[in-house]
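To start, the structure under review is shown below, and the notes come after it.
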Amino acid sequence: MDLLENLNKNQKEAVLQTEGPLLILAGAGSGKTRVITHRIAHLIHDKGVRPYNIFAVTFTNKAAEEMKSRVMSIVGSGGNSVFIKTFHSAAVYILRRYGGEIGISPNFTIYDTKDQEALIKRILISMKLDPKKIKPNSIASKISEIKDSREFIEGTDLSLLVPEYFTFDFMDVFEQYEEELVNNNALDFNDLLIKTVHLLRKSPTALEQMQFSWKYFMIDEYQDTNYSQYLIAKYLASATKNLCVVGDDDQSIYSWRGADIRNILNFEKDYENARVITLEENYRSTKEILDAAYSVIQNNSSRKSKSIIAFRGEGEPVTWCQANNEYGEGDYVANTIISLKNRENLSNGDFAVFYRTNAQSRVFEEVMRREGIPYRIIGGLKFYDRKEIKDILAYLKFLVNPNDMISLFRIINTPPRGIGKATQDKMTDISKEMNVTEWKVIEDDLLTGRVPKGLDNFKNIINGLLSEMAKIPVETSLSKFVMEIVDRSGYRNSLVEEKSVESNSRLDNIDEFINSIYEYEQMNPGASPEQFIQDISLYTSEQNPEEEDRENCVTLMTIHNAKGLEFPVVFLTGMEENTFPHKLCVDFEDALEEERRLCYVGITRAMDRIYLTSTELRRSFAGIDYKQPSRFIAEIPQNLIDIKYYESTHQVGGGRAGYGSSSVKEPPAMKRASAPMGGGSGGSSGFSKGGSGGDSKFSLKERVVHPKYGVGRVVKIEGTGDNIKLTISFGVTKKVFMEKYSPLEKLN
DNA sequence: TTGAGGCTTTCAACA
DNA sequence: AAAGCCTCAA
């Protein structure tokens, strides 16, 4: 196989330039992933590099999975031993192995945002601060922001980073938070990276060992690296200098997570003799899609100007559909998917629906389910975020790391064992007084006064499970062990006794969870419970861990999650002011420019077709919001856009009953938008030949005349043969007719 | 100490 | 709309 086949000149160079520092500036769709994967394959096949000598990291699980599977499709199963992970999971891997060098034991717990907030809340209370006035989540994000900063990592003055409006002693809270993490043997997401930097600085031995195995480094999405990620790459590659970074400043969308654009801008300064290769030919998208994307991104002031060549030439116009509300938007998306599938050889896997915030996914899910379109959701409602799963995981986390008091307090009275707040508070006091962990207080019966019977019971459960856990993997297995947890803790029983719809579904979820552990076990033979929970803490699962084949599913995800992916047909939804751009961004130029880059990322995911959708009104928890089309729409030249209007009869604000009972909905109407930007190209409707009513003598949008109702317009055609149903819109009212019996005539 | 029921808050994006 | 928090009766 010739790996260089079908690569252009610059791509070839990038693949062949295996030694030394290399910056690949890769515009959207310029074959970046292709270059990375072929570069890996080239290293293995032509340069004789061992797969496990290659270290490649990206940002999201999604992108890492994608990269891995594409590498494997070129080099076969050998690709499996290439180290391809997200930055965070790479850090976990490193810390689990070498963390001992800086005093981190391998059974450390990862605190996610929720755990973090729970811990901060405890600290606030212990400091007599009111968690209602001082919000744990705002503290958490400030702490996170500081921990991402150069100042924190270099140990310089942090005082400038603390906002003036914090009227309490923030630094004190911060210090206690850091202390408690140590006491709990826990690391937050920032720590994973920071401690790795720390390790690489402090332990030449560990660094040497890592450099013994890794010789070639690839960092994807380099524009999104923060300071610690920048350092990790730098230190790891310091011996061989074989560091290849890939990025595009137009696609920088993680500044809110501490991404530092200087990393990519200064690459040539940081690395002597760095080579820079620019990929500017776009192979993914049609010219219309690229023109639209570029006309948007050009409104940003702070960007390197660059050229892009639309290799594929022209295709379909960009479609912008304005719907009356979010249900109309959902219907429009579903109907367009159905009609495109009828018209062309497309499968569900070719479609993706993007939105700015996860909350927008609900309506799309509902519509997909109603229309019988299989879908999968990436990110968002995490399976592992469900209460019952978190509870069971907390047991596991605590058993693995008995210092983890956040997990301990989650499970100590779940299910209820009569260990209430009073007892728990006493435990905390004693543990502070005697400077021992809360578990030690239980284990050694250090509680004085009245001790609830349940506490002894809890102790026995935990001790029993601890000795059971020691039998993994020989006498028992991880999945069996988790089953033991569910049973012995009484968790299963309490759900079984509850006998409600909800408790049944929780039981199902637990079974599904155990199933997924079983699969994990098969994939990772000999994996320890420690490893499992650390892996799982970083993995934002799809709704069902074992999802149907992706070919068969429409993909729903946030735009952030879409980065690095591509789809033949993309719906970029919620194109409204204050939705996208998000309302928290519209007043800040920097934030707005990042939104615009996000928009650029969204549009450039599309290969053949892009549909931008917006609503006239949308319901939020606050009430009904009337929406203006996103400014990004107006930034696209009119001549590129085909404008549509779509109306659903679902009335927003009609109360609960109006929702969900969508099977009885009236057929939606479709009409030309009275667009603020004037007419589109008058191109074909998304539904023109679509639907199963292909053999009707009428076509969609055609004007017809009815003896009683007058002139109307065909807005929907359903059924076949003698069963063709036509929906005709007569101004404000709509009527459904059987074509065979109706007196409808063409108007001409 | 528990759990039902009422009240309040919450949805920005990812690891 | 849903989850989390709080109060209060048992």
Side-chain angles (χ1 to χ4, degrees), chain A residues 57-64 85-92 110-114 116-118 121 131-132 135-138 141 144 147-148 187-193 221 224-226 228-229 252-259 354-363 378-382 384-387 390 413-425 450 452-455 494 498 502 534-540 557-564 574 578-586 591 594-595 597-598 601-602 618-623 625 655-656 659-660:
Chain A
V57 284
T58 67
F59 271 76
T60 62
N61 288 302
K62 205 73 225 125
K85 286 180 184 289
T86 64
F87 254 112
H88 287 81
S89 62
V92 168
I110 299 169
Y111 277 179
D112 65 17
T113 317
K114 285 273 148 46
Q116 207 177 7
E117 283 167 21
K121 194 173 165 199
K132 269 194 214 142
K135 299 241 166 65
N137 63 355
S138 75
S141 63
S144 212
K147 288 176 81 165
D148 274 335
L187 302 178
D188 62 21
F189 285 137
N190 305 293
D191 280 339
L192 296 176
L193 304 173
E221 312 285 9
D224 282 331
T225 49
N226 65 20
S228 37
Q229 289 163 328
S252 163
I253 55 175
Y254 284 109
S255 72
W256 51 275
R257 212 175 72 185
F354 301 158
Y355 32 81
R356 177 64 177 81
T357 65
N358 282 307
Q360 289 162 251
S361 72
R362 215 193 85 241
V363 175
I378 308 295
L381 283 163
K382 294 171 202 163
Y384 300 109
D385 267 355
R386 294 180 196 183
K387 180 184 180 321
K390 288 197 96 164
N413 205 29
T414 316
R417 312 188 164 87
I419 308 170
K421 190 169 178 300
T423 313
Q424 294 182 28
D425 284 351
R450 202 174 76 84
K453 269 214 314 243
L455 195 61
S494 82
E498 199 184 311
E502 198 198 348
Q534 286 168 6
D535 283 353
I536 226 170
S537 305
L538 295 176
Y539 195 68
T540 53
M557 61 178 136
T558 62
I559 313 167
H560 280 90
N561 245 317
K563 191 154 93 152
N578 296 324
T579 304
F580 188 30
H582 193 270
K583 62 172 179 296
L584 300 177
C585 299
V586 290
E594 183 151 315
E595 293 290 291
R597 290 194 292 272
L598 191 58
V601 167
R618 186 180 285 281
R619 199 167 68 154
S620 70
F621 67 86
D625 295 335
R656 258 181 118 155
Y659 281 92

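By convention in this document, chain letters (A, B, ...) are assigned in the order of the sequence lines, proteins followed by strands, and residues within each chain are numbered from 1. In this text, all values refer to a predicted model and were calculated from it rather than measured experimentally.
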Should A/R619 be listed as having a side-chain N or O under 4.0 Å from OP1 or OP2 of C/dA1?
yes
Heteroatom pairs (N/O) under 3.5 angstrom, protein to nucleotides 5-7 of chain C:
{"unit_1": "C/dC5", "atom_1": "OP1", "unit_2": "A/K121", "atom_2": "NZ", "d": "3.4"}

Any strand is fair game: report the nucleotide pairing with B/dG3 by Watson-Crick or G-U wobble, both distances under 3.5 Å, or none.
C/dC8
Could you tell me whether A/I110 contacts a base, only the sugar-phosphate backbone, or nothing, with contacts defined as non-hydrogen atoms closer than 4.0 Å?
nothing
Does any non-hydrogen side-chain atom of A/Y355 lie less than 4.5 Å from one of A/I559?
no
In this structure, how many angstroms lie between the C1' atom of B/dC11 and the CG atom of A/N358, rounded?
9 Å
Minimum side-chain heavy-atom gap A/R619-A/D625 below 4.5 Å:
no
Under 4.5 Å between any side-chain heavy atoms of A/E594 and A/L598, yes or no?
no
Select one nucleotide: of B/dA15, B/dC14, B/dA12, the one nearest the side-chain heavy atoms of A/E595.
B/dA12
Rounded to whole Å, please give me the gap between CD in A/Q360 and C1' in B/dT10.
16 Å
Looking at every strand, decide which applies to A/F87 at a 4.0 Å heavy-atom threshold: base, sugar-phosphate, or nothing.
nothing
Could you tell me how far apart A/R597 (CZ) and B/dA13 (C1') are, to the nearest whole angstrom?
13 Å
Any heavy-atom pair between the side chains of A/T58 and A/K85 that's under 4.5 Å?
no
Atom NZ of A/K583 and atom P of B/dT10 are separated, to the nearest Å, by 12 Å
Rounded to the Å, how far apart are A/I559 CD1 and B/dA12 P?
15 Å
Any stacking of A/H582 on B/dA12, going by centres under 5.5 angstrom and planes within less than 30 degrees?
yes
In whole angstroms, how far is the P atom of B/dC14 from the NZ atom of A/K114?
13 Å
Would you indicate whether the side-chain heavy atoms of A/N413 and A/Q424 approach each other to under 4.5 Å?
yes
A/T423 side chain: which of B/dC14, B/dA12, B/dT1 is closest?
B/dT1
Of all the choices, C/dA1, B/dC14, B/dA12, which nucleotide is nearest to the side chain of A/C585 once you look at every atom?
B/dA12
Are OP1 or OP2 of B/dA15 and a side-chain N or O of A/N190 less than 4.0 angstrom apart?
no
For the P atoms, the ones on C/dC6 and on B/dC11, what distance do you get once it is rounded to whole angstrom?
16 Å
Which nucleotide in the list B/dT1, B/dG3, B/dA13 gets nearest to the side chain of A/P416?
B/dG3
Should A/W256 be counted as stacked on B/dA13, where stacking needs a ring-centre gap under 5.5 Å and an angle between planes under 30 degrees?
yes
With a 4.0 Å cut-off on heavy atoms, is A/N413 in touch with a base, just the backbone sugar-phosphate, or nothing at all?
sugar-phosphate
A/R356 side chain: which of B/dA13, B/dT1, B/dA15 is closest?
B/dA13
For A/K421 and A/H88, find the nucleotide of DNA chain B closest to each by heavy atoms; which residue's nucleotide sits nearer the 5' end?
A/K421
Is there a side-chain contact between A/F354 and A/M557, using heavy atoms and a 4.5 Å cut-off?
yes
is_close_aromatic(A/H560, A/Y254), centroid dist under 6.0 Å:
yes
Verify the contact: side-chain N or O of A/T558 to OP1 or OP2 of B/dC14, cut-off strictly under 4.0 Å; return yes or no.
yes
Name the nucleic acid region contacted by A/K85, choosing base, sugar-phosphate or nothing; use a 4.0 angstrom heavy-atom cut-off, strictly under.
nothing
Start at the 5' end of DNA chain B and walk down; is the nucleotide closest to A/G420 or to A/S89 reached first?
A/G420
For the pair made of NZ in A/K390 and C1' in C/dG4, what is the distance, rounded to whole Å?
13 Å
A/D625 has an atom CG; how far is it from atom P of B/dT10, in whole Å?
17 Å
For B/dA12, which nucleotide is its Watson-Crick or G-U wobble mate, given both distances must be under 3.5 Å?
none
Considering only heavy atoms from C-beta outward, does the side chain of A/T357 approach that of A/T558 to under 4.5 Å?
no
At under 4.0 Å between heavy atoms, what does A/A91 touch on the DNA or RNA strands: base, sugar-phosphate, or nothing?
nothing
Quick one, A/T86 with A/N61, criterion side chain to side chain donor-acceptor pair (under 3.5 Å). Give me CA distance, side-chain angles, the key distance, then yes/no.
CA-CA 6 Å; A/T86 64; A/N61 288 302; 4.6 Å; no
Establish, with yes or no, whether the OP1 or OP2 oxygen of B/dT10 is under 4.0 angstrom from a side-chain nitrogen or oxygen of A/N137.
no
